[in-house]
Amino acid sequence: MLTIWGRLNSHNVKKVAWFAVELGIDFVRHDAGGAFGMDAAYRARNPNALIPTIDDGEMTLWESNAILRYLAAKHGGTRFWPADPAARAVGDKWMDWQIGYADAQRDAFFNLVRRTPAERDAAAIAASAARCAKQMAILEDALARSPWLSGDDFGVGDIPMGVYTHTWFSLAIERPSLPHVEDWYARIRERPGYAEQVMIPLT
Ligand SMILES: N[C@@H](CCC(=O)N[C@@H](CS)C(=O)NCC(=O)O)C(=O)O
């Protein structure tokens, strides 16, 4: 049985929980991080004191995108992570690209979701929203050429930005109209586990 540690209102935990549902594997998730804190046993599993961490009986692993690739390889065969290096690199690229996107979105997210209206920094929110729009235009261009970030089929490369895109559409910020991103987001919303593990109210 797969164990996932981490609160579900974390982007990085959502990735893993959603993908476990896609893979059809049984898992148990224990809240950790944020208001739930991290005990000494957790910190012994993950010296970074960050979430998520998993244990599947074979190994303990942290770093959400590494966890996704491990689970894809172990439980998905080539279904979600192709064997061909070039095909695999297509989705891998977007997994790494998400780290830069998360940086762009951070100020808008923390100000609008984790702070009270009185504490919000309007200039930081606007700057963050503008950075997100610029990044999302890159995603739009990619999705105009390919149905999925992973290539012709949905794959592990769609998971990280799938999570962050839900936040982008949920935040009270200005968004340009990006029809291919909207279409991809609509298709992702139909995927197993997405509504349950990702589309929860932002907190
Ligand atoms: N690169 C790491 C980043 C992990 C990370 O920053 N996690 C955040 C939540 S999304 C965290 O642990 N924050 C502290 C906390 O929740 O207590 C990964 O992808 O797993």
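Counting starts at 1 for both ligands and their atoms, in listed order. What you see below is based on every heavy atom in this structure, not just the backbone, and it leaves out hydrogens, waters and symmetry mates.
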Would Tyr42 and His30 count as a close aromatic pair, with their ring centres under 6.0 Å?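 When the ring centroids of Tyr42 and His30 are compared, they turn out to be at least 6.0 Å apart.
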Flag the pair Arg187 and Asp183 as a salt bridge only when some basic side-chain nitrogen lies within less than 4.0 angstrom of an acidic carboxylate oxygen.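 Judged by the 4.0 Å cut-off on N to carboxylate O distance, Arg187 and Asp183 do form a salt bridge.
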Per-pair distances, 0.1 Å, donor-acceptor, side chain in residues 127-136, under 3.5 Å, sequence neighbours excluded:
{"unit_1": "Ser128", "atom_1": "OG", "unit_2": "Ala104", "atom_2": "O", "d": "2.6"}
{"unit_1": "Ser128", "atom_1": "OG", "unit_2": "Ala108", "atom_2": "N", "d": "3.0"}
{"unit_1": "Arg131", "atom_1": "NH2", "unit_2": "Asp103", "atom_2": "OD2", "d": "3.1"}

Heavy-atom cut-off of under 4.0 Å around ligand 1: list whichever protein residues fall inside it, by chain and number.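 Heavy-atom contacts below 4.0 Å: Arg7, Ser10, Asn12, Gly33, Gly34, Met38, Leu50, Ile51, Pro52, Glu63, Ser64.
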Output every pair passing salt bridge (charged side-chain N to carboxylate O under 4.0 Å, His left out) with a member in residues 85-95, not counting sequence neighbours, ordered by first then second residue.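 Found Arg69-Asp92.
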Strictly by salt bridge (charged side-chain N to carboxylate O under 4.0 Å, His left out), give each pair with a member in residues 52-65 just once, sequence neighbours left out.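 Output for this query lists Asp56-Lys74, Glu58-Lys74.
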Taking the six-membered ring of Phe154 as reference, does the NZ or CZ atom of Arg191 fall below 6.0 Å from its centre and within a 45° cone about the axis?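 Because its charged atom sits under 6.0 Å from the ring centre and within 45° of the axis, Arg191 does stack over Phe154.
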